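Okay, so here's the structure we're looking at.
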Amino acid sequence: MKEKIEKYLEEVASFSPANMEEIEQFRIKFLGKKGVINDLFAEFKTIPPEQKRDVGKILNTLKQEVQKKINELKSAFAEAEQKHFDKDLFLPVDTTLGSRHPISLVRNEILDIFKRLGFNVSEGPEVEDDWHVFSALNFPPEHPARDMQDTFFVTDDILLRTHTSSVQVRVMEKEKPPIRTVSPGRVYRNEAISARAHCIFHQVEGLYIDKGVSFADLKQTLLYFAKEMFGEKTDIRLRPSYFPFTEPSAEMDISCKICGGKGCNVCKYTGWLEILGCGMVDPNVLELNGIDSKTYTGFAFGMGVERIAMLKYGIKDLRLFFENNIDFLKQFETEL
Ligand code: PHE
């Protein structure tokens, strides 16, 4: 019996558990009701009296060693856990704060400029119906923008908006002129992703409807915007263009702020950079939206926020706005 106990003593001495669970199993094995120690004490009763002294001694030692081992191991584990906990608590905190995305910064700046001119901000759904994106804006049924090639359709009638002009339709539905609103938001077009195009981008579109609104008001408003956004020295020019919902329509360029109009590779040596589309609201659009086109006139404009941000910060690849690369985003940290 003595030899058996000595073997157990060795086992106790070399026991090295990996976790608390193993300590508990060890405890049950030795100190449990049907455990080794109880068994040994039962056996102890049956041995000849002359052996009792020796065996009793070593058996008591085993019991103490088991208890000691368990206590030691438990406190070692608890301490390790505590240390781990302390380490987490006192670990130097990474104090890098998040910052606004450049698209948010530029969008807010655009909105602030128009808010100063008395425009309010309106928003609407990204999943729209044909009426709000196309029909109410005088798009002919065969217009290419309605094609699957350009538009993401959900059903024949439901689609992802291709511009935030749809929000202007919603404003005209609800409100009577005078209307002065800017509509920011995400838009979707089925385009191959490249340095210059993406299937998702952001727009701010504007609408002003009142009695006697003229093309001169449009031009003056956009000149003010260009100077506020790109600096006092900025010039604008309007080139005739076509949109189904405006007549006359124009595209607006600003003088290239990289070369000051002299010509460089950013403006492709023209001295001008295109930044937005605009025009006088087509009377058809007013009538389609329940506004008397004999009493009221209006202008509208729409711009891509990514495009403005690229020009403002000299960013050459539009995809950077969508990649969430921390090193890229960090550069805008100081601006709020
Ligand atoms: N909705 C046009 C676009 O998405 C922009 C625009 C708005 C043009 C208002 C003229 C007037 O390209």
Side-chain angles (χ1 to χ4, degrees), residues 103 107 110-111 114 117 119 121-126 128 130-140 143-147 149-152 159-172 179-191 196-210 213-215 217-223 225-226 236-254 273-286 288-289 291 293 296-308 310 318:
I103 293 302
R107 183 203 51 201
I110 297 169
L111 294 180
F114 287 104
L117 288 172
F119 283 74
V121 176
S122 51
E123 284 177 304
E126 292 175 23
E128 262 292 6
D130 175 277
W131 171 259
H132 291 90
V133 177
F134 297 131
S135 297
L137 290 161
N138 200 35
F139 274 80
H143 194 282
R146 291 187 144 174
D147 202 290
Q149 250 82 58
D150 293 290
T151 308
F152 291 112
L159 46 102
L160 302 184
R161 67 182 179 194
T162 56
H163 53 186
T164 58
S165 304
S166 54
V167 181
Q168 306 178 339
V169 174
R170 290 190 174 272
V171 172
M172 287 188 275
I179 289 170
R180 243 180 273 133
T181 192
V182 272
S183 315
R186 207 178 287 151
V187 300
Y188 302 84
R189 288 184 199 176
N190 192 2
E191 299 207 22
R196 312 195 74 229
H198 208 290
C199 55
I200 303 173
F201 60 101
H202 299 79
Q203 280 191 327
V204 174
E205 298 224 357
L207 176 70
Y208 177 29
I209 301 173
D210 202 351
V213 176
S214 70
F215 201 92
D217 297 322
L218 167 64
K219 189 179 168 191
Q220 210 53 38
T221 303
L222 293 180
L223 177 63
F225 165 73
I236 62 165
R237 78 173 180 186
L238 292 160
R239 280 177 292 106
S241 185
Y242 169 78
F243 299 102
F245 35 90
T246 46
E247 181 59 38
S249 304
E251 260 157 319
M252 186 175 100
D253 299 339
I254 55 164
L273 297 161
E274 184 195 321
I275 63 160
L276 56 81
C278 59
M280 299 304 292
V281 180
D282 192 306
N284 281 344
V285 172
L286 295 175
L288 282 165
N289 290 283
I291 294 170
S293 64
Y296 294 103
T297 52
F299 68 69
F301 57 86
M303 66 189 93
V305 180
E306 280 79 1
R307 168 109 185 121
I308 306 280
M310 284 169 91
L318 192 134

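Just so you know, these numbers use all the heavy atoms, side chains as well, and skip hydrogens, waters and symmetry mates. Both counts, for ligands and for their atoms, begin at 1 and track the order of listing. Just so it is clear, the structure is predicted and the values come from calculations on it, not from any experiment.
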- request: Give the C-alpha distance, both sets of side-chain angles, the deciding distance and a yes or no for side chain to side chain donor-acceptor pair (under 3.5 Å) between Ser183 and Gln168.
  value: CA-CA 7 Å; Ser183 315; Gln168 306 178 339; 4.5 Å; no
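- Between Phe119 and Phe225, the ring center distance fails the sub-6.0 Å criterion.
- Taking 4.5 Å as the limit, some side-chain heavy atom of Arg161 sits within range of a side-chain heavy atom of Val187.
- For the side-chain contact (heavy atoms from CB on, under 4.5 Å) test with Arg186, the passing option among Ile103, Thr164, Val305, Ile200 is Ile200; the others fail.
- Below 30°, between 30° and 60°, or above 60°: for Phe139 and Phe245 the angle between ring planes is between 30° and 60°, a tilted geometry.
- With values rounded to the nearest 0.5 angstrom, Ile254 atom CD1 is found 11.0 Å from Glu274 atom CD.
- Protein residues are said to neighbour a ligand when one of their heavy atoms lies under 4.0 Å from it; for ligand 1 these are His163, Ser165, Arg189, Gln203, Glu205, Phe243, Phe245, Thr246, Gly277, Cys278, Ala300, Phe301, Gly302.
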